[in-house]
Amino acid sequence: MTCTPMVIEHGAPRETAGRSVQELACYQTLDRLGIDYLRADHESAATMELCRSIETGLGCPICKNLLLTNRQQTDFYLLMMDGQKVFKTKHLSKALGCARLSFASPEQMQALLDVTPGSLTPLGLLHDEAHRVRLVIDQPLLSWPRIGVHPCRNTSTVALETRDLLERLLPALGVTPTVVCLPEEDA
């Protein structure tokens, strides 16, 4: 098995062959909004462990993204949190004031955000025109100068200013995030 080296470039790829429509839509949206970003192309990175070397190459942390739903599967939440932090459902449920949450299915992820498992990203919210998914951000991410996220495909990662995500991208998508403060350890 050969390992393809990671390639880091500024902005969208010049060659679009083999890239999904969803991925290209992410770049088009970032470019249309005038958001500056670095792009790393790499082998599939569907887990936080596989993202470690990408973080080093891009010089910023990559956030963990989880799609969650309530028991009735009527409310959906995209949680952005530090990839090093352990996720405990009970803490988020308490912070949001809702019943115990569970992970949404791959089918729900595809239907709501047009992404597959391992490629979940806040950039997927550009495909949520009905605004069915509520974005939830763990408070420590707000202090990160830059943040890494997949562009709806886990063979690329973009690094952008956290401020651009919060002040330019999300408002352009009509998304107002809910900020929570999840504990570091199980309390």
Side-chain angles (χ1 to χ4, degrees), residues 6 8 35 37-38 40 42-106 108-109 112-113 115-125 128 132-154 156-171 173 175-187:
M6 180 169 50
I8 298 176
I35 296 175
Y37 58 97
L38 283 178
H42 47 75
E43 294 203 11
S44 177
T47 66
M48 292 311 300
E49 185 175 321
L50 293 171
C51 288
R52 299 292 174 255
S53 64
I54 301 163
E55 289 178 330
T56 302
L58 287 173
C60 72
I62 297 172
C63 69
K64 181 187 300 187
N65 298 288
L66 304 172
L67 187 62
L68 305 155
T69 186
N70 62 351
R71 181 170 285 147
Q72 299 80 13
Q73 298 186 3
T74 54
D75 297 321
F76 297 90
Y77 306 88
L78 171 54
L79 173 65
M80 294 175 64
M81 64 184 290
D82 186 330
Q84 303 298 314
K85 200 178 233 185
V86 176
F87 172 67
K88 299 285 186 177
T89 307
K90 66 181 180 180
H91 297 305
L92 182 60
S93 296
K94 183 178 178 183
L96 295 175
C98 61
R100 188 90 96 170
L101 298 171
S102 62
F103 291 100
S105 70
Q108 290 167 323
M109 192 179 297
L112 294 165
L113 300 173
V115 296
T116 57
S119 297
L120 187 60
T121 172
L123 291 172
L125 292 168
D128 181 26
R132 294 209 43 220
V133 179
R134 181 173 162 190
L135 180 62
V136 180
I137 301 175
D138 190 19
Q139 191 275 330
L141 268 65
L142 301 178
S143 66
W144 292 3
R146 294 178 59 78
I147 191 165
V149 296
H150 293 313
C152 295
R153 181 176 167 170
N154 66 15
S156 293
T157 303
V158 294
L160 55 128
E161 300 290 328
T162 304
R163 182 179 57 217
D164 285 339
L165 173 75
L166 297 171
E167 297 175 8
R168 296 171 78 185
L169 179 63
L170 295 179
L173 299 178
V175 174
T176 302
T178 299
V179 178
V180 297
C181 191
L182 300 176
E184 289 295 324
E185 296 178 16
D186 194 13

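Side chains are part of it too, since the values below use all heavy atoms of this structure and drop only hydrogens, waters and symmetry mates.
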Matching residue for Leu78 among Leu66, Val175, Leu120, Val136 - test: side chain to side chain contact (heavy atoms under 4.5 Å, CB included): Leu120

Test applied, side chain to side chain contact (heavy atoms under 4.5 Å, CB included); reference residue, Leu125; option that passes from Leu169, Leu135, Leu112: Leu135

If we only count heavy atoms from C-beta on, is the [X] to [Y] side-chain gap below 4.5 Å?
| X | Y | result |
| --- | --- | --- |
| Pro177 | Met80 | no |
| Ser102 | Thr69 | yes |
| Cys98 | Asn70 | no |

Shortest non-hydrogen contact between [X] and [Y], atoms and distance:
| X | Y | value |
| --- | --- | --- |
| Ser53 | Met6 | O-CE, 3.6 Å |
| Arg132 | Phe76 | NH2-CE1, 3.3 Å |
| Pro117 | Asn154 | O-ND2, 4.4 Å |
| Val180 | Ala95 | CG1-CB, 3.8 Å |
| Pro151 | Leu123 | CA-CD1, 3.8 Å |

Distance-only polar pair, side chains of Thr89 and Arg100, donor-acceptor under 3.5 Å: no

Check: Asp82/Gln84 side-chain N/O donor and acceptor closer than 3.5 Å: no

Worked verdict on Thr121 versus Val158 for side-chain contact (heavy atoms from CB on, under 4.5 Å): CA-CA 11 Å; Thr121 172; Val158 294; over 6 Å; no

Side-chain ([X]) to main-chain ([Y]) donor-acceptor, under 3.5 angstrom:
| X | Y | result |
| --- | --- | --- |
| Asp128 | Val133 | yes |
| Ser93 | Leu101 | yes |
| Gln139 | Val179 | no |
| Lys85 | Leu182 | yes |
| Thr157 | His150 | no |

Check against side-chain contact (heavy atoms from CB on, under 4.5 Å), Asp75 and Arg134: CA-CA 8 Å; Asp75 297 321; Arg134 181 173 162 190; over 6 Å; no

What distance do [X] atom [atom1] and [Y] atom [atom2] have between them, rounded to the nearest 0.5 Å?
| X | Y | atom1 | atom2 | value |
| --- | --- | --- | --- | --- |
| Glu161 | Ile147 | CD | CD1 | 11.0 Å |
| Leu92 | Asp138 | CG | CG | 9.0 Å |
| Arg146 | Tyr37 | CZ | OH | 12.0 Å |

Arg52 CZ: over 12 foreign heavy atoms closer than 6.0 Å: yes

Residues Leu141, Thr162; criterion side-chain contact (heavy atoms from CB on, under 4.5 Å); working and verdict: CA-CA 8 Å; Leu141 268 65; Thr162 304; 5.9 Å; no

Residues forming a side chain to side chain donor-acceptor pair (under 3.5 Å) with Arg153, sequence neighbours excluded: Glu23, Thr155

